[in-house]
Every structure is written in C-alpha cells, then in structure tokens.
Number of protein chains: 2
Amino acid sequence: MTKTSKKKATIYDLSVLSGSSPSTVSAVLNGTWQKRRIKESTAALIRDLAETHQYTANRQARGLRSSRSGLIGLLLPVHDNRYFSSMAQTFEAHVRSKGQCPIVVSASRDPEEERKTAETLISYSIDELFICGATDPDGVHEVCETVGLKHINIDLPGTKVPSVISDNYEGGRMLTEAIIRRFPADQPLRPDELYLFGGRDDHASRERIRGFRAVKRELLGEDPDGCIQPTGYAPNNARLAFEAFYEKHGKLPRGVFINSSINFEGLLRFMAGHPHENFADLTVGCYDYDPFASFLPFPVIMIRQDVEGMITKAFEVIEEGRPQPRIHLISPELVQPRTALTGPLDALKDFG
Amino acid sequence: MTKTSKKKATIYDLSVLSGSSPSTVSAVLNGTWQKRRIKESTAALIRDLAETHQYTANRQARGLRSSRSGLIGLLLPVHDNRYFSSMAQTFEAHVRSKGQCPIVVSASRDPEEERKTAETLISYSIDELFICGATDPDGVHEVCETVGLKHINIDLPGTKVPSVISDNYEGGRMLTEAIIRRFPADQPLRPDELYLFGGRDDHASRERIRGFRAVKRELLGEDPDGCIQPTGYAPNNARLAFEAFYEKHGKLPRGVFINSSINFEGLLRFMAGHPHENFADLTVGCYDYDPFASFLPFPVIMIRQDVEGMITKAFEVIEEGRPQPRIHLISPELVQPRTALTGPLDALKDFG
DNA sequence: CTTGTTTGCACAATCGATGGTGCAAAGACT
DNA sequence: AGTCTTTGCACCATCGATTGTGCAAACAAG
C-alpha cells in the first residue's frame with residue numbers, strides 16, 4: 001500500500017502539497033472558490049491532490065465552524081416495527097438525496113427518554129429533527145426550541161409546531177366499514193359483535209376510535225361503550241384483553257378492529273394459547289399493514305399508512321419559513337385480505 | 001421564559017458566570033477535575049450553573065479536539081425488515097448503554113453504496129463501525145483501514161476482520177430436518193418434493209444450502225440439483241420462480257425452504273395471484289422469524305436468528321485488542337408453526 | 001522566618017474548516 | 001510612466017472543548 005495514510009488527509013496536508021494556503025484548499029473543495037477568485041488551474045491542481053489522497057472534509061471541524069452538522073435526526077418509538085422501520089427507510093432516502101446524513105434513534109415512547117435523546121442529538125448539532133410517534137412531542141419541542149432547532153412532528157401531533165399525520169379518523173372509518181361489509185347480508189354483524197382492541201389515549205387512537213364509533217352508529221345503529229378496549233401498545237396487554245373476552249364469552253367477537261400490528265401480535269399470542277380453536281367466523285381489521293398478516297387463515301383487512309407521503313409532506317413543511325403549528329392529514333390506504341403489496345424492499349439490489 | 005438562551009451555553013459562558021477559567025469548567029464537566037485538583041466547592045458551583053443553564057458539551061468541538069465523536073456506526077442493507085430493524089434496535093441499546101450514540105444507515109446491498117456510506121460515516125469521525133449484511137465487507141474494510149477505524153462484520157463475513165454470523169449451516173440443517181419430519185410416515189416427502197427458494201451467492205445462502213442438501217441426502221437419500229432455486233433477495237424474483245414452478249408442475253412443491261422473509265414475500269405475491277388455490281399439502285420452512293408468517297394457513301416452520309447474541313458477541317470481539325479475522329458462529333433457534341415469540345417490542349412502555 | 005511542597009487554578013496551543021480582510025502582482029487606461 | 005482596477009491568493013480569527021504547562025497562594029517542615 002503506497003497510500004496508507006492511517007490518518008485522514010486535511011486541508012493543511014493538501015495546502016503543503018499544492019503550495020497554496022489552507023483557505024484556498026478549503027474554498028476549492030467546498031465549492032466557494034469562484035467567489036474567492038481562485039484560478040481554474042489552481043483549483044484543478046487541488047482537486048487532483050484531493051482525489052489521489054482521498055480527502056474528505058472533517059465534518060466535525062466544518063460543523064464546529066459553521067454550527068451546522070449536515071445531520072438530520074429522526075426520533076422514533078422503536079426500530080423493529082414495520083411501520084417505523086419503513087419511516088426510517090423513507091426518511092433516509094430523502095435525507096441522503098439532500099446530501100445530508102440521517103441519524104435515526106429510538107426512545108421507547110418514554111417522554112423522559114424522548115427528551116434525553118433529543119438532547120443527545122442536539123449535542124451533535126443536528127440541523128433538523130423529525131419527531132415521529134412521540135408520546136410527548138411538546139416536551140421534545142421545548143428542548144428543540146431553547147436551542148433554535150427546526151423540528152416537526154410526524155405520526156402523533158404536537159401543538160407547538162406543524163404535524164404531519166395519518167388521517168386516522170378517515171382510516172378508522174374505512175377500516176370499520178370494510179369489516180362490517182365483509183359480513184354477508186343474511187348473517188350481518190350486530191353492534192355488540194364488533195370490538196376495538198389496542199391503542200391508548202393518544203391522538204391517533206382517539207381519532208381511530210372516533211371513526212370506528214361513528215361508522216358503527218351509522219351502519220349498525222348502535223355503538224356500545226364496552227366494545228372499546230384500549231389496551232395500550234404492549235402486545236401482552238392486548239393478549240390479556242382477548243383472553244378476558246374469551247373467558248367471558250367462550251369465543252372472540254366476530255369482528256375485531258385492532259389498533260396496530262403490535263397489538264395484533266397480542267392476538268397471535270392469544271391464539272397460540274388456543275391451538276384447537278379455528279376461529280372460523282372471525283374478521284379482523286388492523287390499522288397497519290403487514291403482508292404476512294394479510295394472508296392469515298381468517299380475513300384480515302388492513303390499513304397501510306402512506307409513509308412516503310408523510311415524509312415528503314414533512315420535508316415540504318419544515319422547509320417553509322415560519323410554518324404554523326397546524327396538522328397535515330395524509331390519507332391512508334385500505335388493503336383487502338390476501339394482498340401482497342410491494343414496498344421499499346423492492347429497491348434492494350441483487351449483486352454478487 | 002426566563003432562560004430562553006436561543007443558543008446553547010458553552011464553557012465560556014459558564015466560565016464567566018462562575019468566575020473561573022474555561023479549562024476549569026471543562027475539567028469539572030467532563031469528570032477530569034479531580035486529576036486537575038479542582039476544589040470540590042468550585043466544582044459544585046460549576047455543576048450547578050451547568051444544570052440551571054442546561055449545558056451540554058458541543059460534541060463537534062469535543063470530537064474535533066479528541067478525534068473521537070462518540071458515534072458508533074451500523075451499516076445495514078435496509079431498515080424495513082424485521083431482522084435488520086431488530087439489529088438496529090439491539091445495536092442501539094448496546095451503544096447507548098456505553099454512553100455513546102448510534103448512527104444507523106443503510107446501503108441497499110450495493111457494494112459501491114456501502115463504501116460511500118462508510119466514507120460518509122467516517123467523515124463524522126465515528127469511533128467504530130459495525131458492518132451488517134454487507135455485500136462487500138472487504139470493500140468497506142479497505143475504507144476503514146486507511147483511516148484506522150475499528151470495524152467488524154455481522155451477518156455476512158469478510159476475510160479481513162472478525163465476523164459474527166449466524167450458524168447458517170446448522171440452521172439450514174435444523175430447518176430442513178424439521179420440514180421433512182413434519183410429513184407423516186405414510187405420506188413421506190420425496191427428494192424431488194423439497195425445494196429451496198431464494199438467496200444468492202453469499203456466504204449465508206451457501207451455508208444454508210449446504211445444510212439443506214446435507215440433510216436431504218441423509219434423510220431422503222437424494223438431493224437433486226434442480227431443487228435449489230437461488231433467486232436473489234428481491235421478492236419479485238422469488239415470485240417468478242414460484243410462478244414458473246407452478247406453471248410447469250401445476251402445483252407447488254410439498255416442502256419449501258425459503259431463504260429469508262423477504263423471499264417469503266415473493267411466495268405471498270405468488271399466492272395473491274392464485275386466490276382459488278388453497279395449497280393444502282404445503283409445508284414451508286423460512287430462514288427468518290415473523291410472528292404473522294408463523295400463523296399462516298399452512299405450516300410454517302421458522303428460524304429465529306439470535307440477534308441479541310450476535311450483537312453482544314460483536315461488541316465483545318471488537319473490544320479485543322488485535323482480534324483475528326475469524327468467524328464467530330451464533331446458533332439460531334427453530335420456531336415451530338403458530339408460535340408468537342416475544343421480542344424487543346415488549347420493552348415498549350405504555351405512557352399517557 | 002526561610003525553604004520546600006502541595007493545592008488550585010489560569011493560560012494558551014490545538015483539532016480542521018471557514019470566511020472576512022488585506023495586499024501584492026498583473027492588467028487597463030490616460 | 002502614473003493611476004486605477006481587477007485578479008489571485010495568503011493571513012488570521014473563529015467555532016467549543018481538551019490538555020500540557022506554568023505559577024501564585026496556602027501550607028508544612030526545619
């Protein structure tokens with residue numbers, strides 16, 4: 001190896017090699033050289049040297065000077081979930097296409113951790129922060145605000161800055177209606193046969209529940225309170241709720257609206273505990289999309305949220321000068337049972 | 001707001017406020033103050049000020065000086081996949097517990113993009129890099145090596161530095177055997193009824209295929225070449241392979257070994273195109289775990305790779321001084337049909 | 001009271017890139 | 001030839017934290 005530098009080349013190295021000053025090297029390599037009236041030939045020489053020595057600017061130094069880092073943060077509840085990981089994927093694509101670098105972290109839906117994590121990101125001088133699915137978006141907002149960091153909410157809205165979220169009310173309506181219509185006219189669903197499980201007291205759950213209840217009232221005439229079982233987001237709580245229902249009624253409801261795929265896993269856990277039940281007359285609607293769930297042995301109607309649409313919108317809004325703290329709704333999509341949609345995975349290249 | 005600083009407090013701000021020098025403030029706040037013989041009372045005063053002014057060190061400045069950033073990189077093929085996103089989740093937990101900050105990026109399995117992305121991370125002076133599932137780990141190695149960056153391979157091995165990977169051979173064997181044993185003695189699987197779909201010419205696929213073929217030979221006596229269909233990782237290629245088989249034979253193989261959940265989605269797409277088939281005599285083994293897939297209307301045996309084990313091992317190995325470029329195998333786990341395992345999602349807190 | 005030691009801290013250089021300013025040399029113009 | 005303008009670049013301060021060094025004041029020993 002001739003060029004085993006072992007340490008990265010700096011503008012000072014290149015300035016010695018080229019016989020020009022560090023500032024000239026810097027200007028050439030960051031594109032401001034025309035403004036500084038550097039001769040084309042000097043620039044070419046320096047670019048050449050940079051190339052052969054594999055120079056790349058030290059982002060920490062640049063960031064320190066310019067108080068920008070080129071990092072854009074995304075704060076998630078968790079990574080290992082289809083919805084949020086596809087947020088990460090889409091977010092990364094957008095950020096990279098702007099020539100910046102994504103930094104994606106998770107905070108377990110814990111308000112305290114959300115703030116702490118935001119502070120960590122801030123200590124790296126990130127340029128913008130996308131707050132996705134946070135339990136306390138306004139808490140994170142405070143942290144951002146004191147250092148003048150641009151930020152925006154996704155998935156769950158806050159009140160201080162703009163929010164881009166799914167149209168949960170409409171999605172809830174669509175899904176509820178699809179469940180109801182799935183039953184044949186001679187064996188229609190009764191109001192007390194359609195339950196909602198999962199979710200908690202956040203904006204998304206509330207809106208979905210509102211849509212659910214509205215459609216129930218419109219199509220089934222009634223909407224008993226007892227049919228709403230907000231069990232939180234933990235899969236095991238959902239499992240317990242199904243278990244309890246089953247204990248009491250000896251079966252599951254004929255129609256089940258599940259608030260998210262995480263809660264849906266609770267249903268699976270319940271089913272694993274009842275291997276001999278075949279749950280013949282069960283229709284599930286789930287507010288999330290997963291291709292495998294779509295092919296389960298009972299009809300599963302799903303909602304796919306428009307992640308690409310939300311991220312795109314969020315970038316548009318955050319670029320605005322003084323955006324109002326309003327809520328931007330993005331329409332989700334209804335997915336019929338046994339549907340295998342394509343996704344970002346299809347962008348995977350096959351090499352080798 | 002009394003304390004709307006609008007810009008972050010620095011050690012200089014605190015030094016003025018406390019009447020001591022910046023270096024004293026720095027020493028107090030980064031823990032080296034005992035070594036510098038700072039009075040306890042001075043330290044207390046400064047800590048107090050730091051608290052009330054919400055001081056946090058500028059990581060870019062610190063990193064510039066110390067040529068370390070506190071960032072640890074993870075390079076993935078993609079985010080939106082259960083396996084890799086759970087890598088991200090586990091990785092993040094480990095990194096944060098060491099008081100550092102994770103930076104997770106994806107490079108689409110593209111060797112060029114892998115190197116470029118590594119270079120970007122390097123420009124941020126990351127302290128270590130975990131290379132997960134890379135198509136060209138040794139290419140990334142070159143990039144790391146020239147700047148003296150510690151790195152390690154996960155999931156797919158390289159030849160230059162240590163690699164921590166799944167025991168794909170054993171996993172392949174376990175899964176194949178489980179598929180075969182799933183068939184009753186009076187209707188045993190014939191060698192030409194057990195196919196493998198998906199994967200390509202990488203270490204993981206090769207090992208799984210090797211295990212598959214070995215077990216087939218041992219248990220079924222034969223192992224025809226035609227039963228191996230490495231379709232790459234793209235779901236659509238897998239779909240086409242299933243389609244082609246179905247065209248030719250009018251049915252699917254009775255036993256199918258699928259190389260990954262991504263390829264499994266190809267099977268779903270195929271099935272979506274044949275809504276009236278019920279695929280009664282089909283048993284699938286999939287080298288990945290997904291709870292929904294586990295409950296599909298046909299038996300699905302799955303392999304869950306020990307992500308926690310791999311990450312833990314990788315951190316152990318990378319801390320070693322001069323680790324040898326050997327391969328560390330981590331045993332995966334067989335998951336019977338209709339099993340809902342708990343996962344990192346269960347760590348989600350319910351607040352609100 | 002003098003000399004030696006310890007305590008407690010300030011000073012200043014440094015990391016690498018940026019950008020304002022200044023100033024010679026080259027060219028234009030009278 | 002003398003003045004004015006433009007060209008081309010070097011110099012230097014700066015961003016914020018770290019760290020080696022130096023040096024007074026406080027204290028101890030003789």
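Sequence lines set the chain letters: A, B, ... in the order given, protein chains first and strands last, and positions in each chain run from 1.
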Tell me what B:R36 touches on the nucleic acid: a base, only sugar-phosphate, or nothing, going by heavy atoms under 4.0 Å.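 Contact class for B:R36: base.
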According to a strict under-4.0 Å criterion, is A:S21 in side-chain N/O contact with OP1 or OP2 of D:dC11?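 No, because none of the side-chain N or O atoms of A:S21 sits under 4.0 Å from OP1 or OP2 of D:dC11.
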Below 30° counts as parallel, above 60° as perpendicular, anything between as tilted: where do the rings of A:H79 and B:H79 land?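 Judged by the thresholds at 30° and 60°, the geometry between A:H79 and B:H79 is parallel.
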OP1 or OP2 of C:dA17 sitting under 4.0 Å from any side-chain N/O of A:Y55?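 For C:dA17, OP1 or OP2 has a side-chain N or O of A:Y55 closer than 4.0 Å.
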d(CD1, A:I38; C1', D:dC11) in whole Å: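 That distance rounds to 13 Å.
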Check the orientation of B:F130 and B:F315. Use parallel for under 30°, tilted for 30 to 60°, and perpendicular for over 60°.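 Tilted, since the angle between the ring planes falls between 30° and 60°.
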C:dC9 OP1/OP2 closer than 4.0 Å to side-chain N/O of B:T42: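 Yes.
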Is any side-chain N or O of A:S23 closer than 4.0 Å to OP1 or OP2 of D:dA10?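 The answer is no; no side-chain N or O of A:S23 sits under 4.0 Å from OP1 or OP2.
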Using a cut-off of less than 4.0 Å, is there contact between a side-chain N or O of B:N58 and OP1 or OP2 of D:dC15?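 B:N58 to D:dC15 OP1/OP2: no side-chain N or O under 4.0 Å.
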Rounded off to whole Å, could you give me the OH-to-P distance for the B:Y124 and C:dG16 pair?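 Interatomic distance, OH of B:Y124 to P of C:dG16: 17 Å.
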How many Å lie between CZ on B:R68 and C1' on D:dT18, as a whole number?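 Going from B:R68 (CZ) to D:dT18 (C1'), I get 14 Å.
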Check the angle between the aromatic planes of A:H151 and A:H141 and answer parallel, tilted or perpendicular using the 30° and 60° thresholds.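 It falls in the tilted class, 30° to 60°.
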For DNA chain D, whose closest nucleotide is more 5', that of B:R37 or that of B:L64?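 Looking at DNA chain D, the more 5' nearest nucleotide goes with B:L64.
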Ion pair present between A:K116 and A:E112, side-chain N to carboxylate O less than 4.0 angstrom?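 Result for this pair is yes, salt bridge flagged.
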For a quick check of understanding: with a heavy-atom distance under 4.0 Å over all strands, which category does B:T10 fall into, base, sugar-phosphate or nothing?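 Sugar-phosphate, no base atom in range.
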Sugar-phosphate only, base, or nothing, as touched by A:S66 at under 4.0 Å among non-hydrogen atoms: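 Since no nucleic acid heavy atom lies under 4.0 Å of A:S66, the category is nothing.
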Salt bridge check: are B:R68 and B:D127 linked by an N-O gap of less than 4.0 Å?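 Result for this pair is yes, salt bridge flagged.
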Rounded to the Å, how far apart are A:I46 CD1 and C:dA17 P?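 Between P of C:dA17 and CD1 of A:I46: 13 Å.
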How many Å lie between CD on B:E40 and P on C:dC9, as a whole number?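 Atom CD in B:E40 sits about 11 Å away from atom P in C:dC9.
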Quick check: on DNA chain C, is the nucleotide nearest A:K35 upstream (toward 5') of the one nearest A:T56, or the reverse? Name the residue that is more 5'.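 Going by which nucleotide is closer to the 5' end, it is A:T56.
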Could you state the CZ-C1' distance from B:R62 to C:dG16, rounded to the nearest angstrom?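 After rounding, the reported distance stands at 18 Å.
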Nucleotide of D:dC9, D:dA10, D:dA17 approaching B:A57 most closely (side-chain heavy atoms):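 Comparing D:dC9, D:dA10, D:dA17 against the side chain of B:A57, the answer is D:dA17.
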OP1, OP2 of C:dT14 versus side-chain N and O of B:R65: anything below 4.0 Å?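 Checking B:R65 against C:dT14: no side-chain N or O falls below 4.0 Å of OP1 or OP2.
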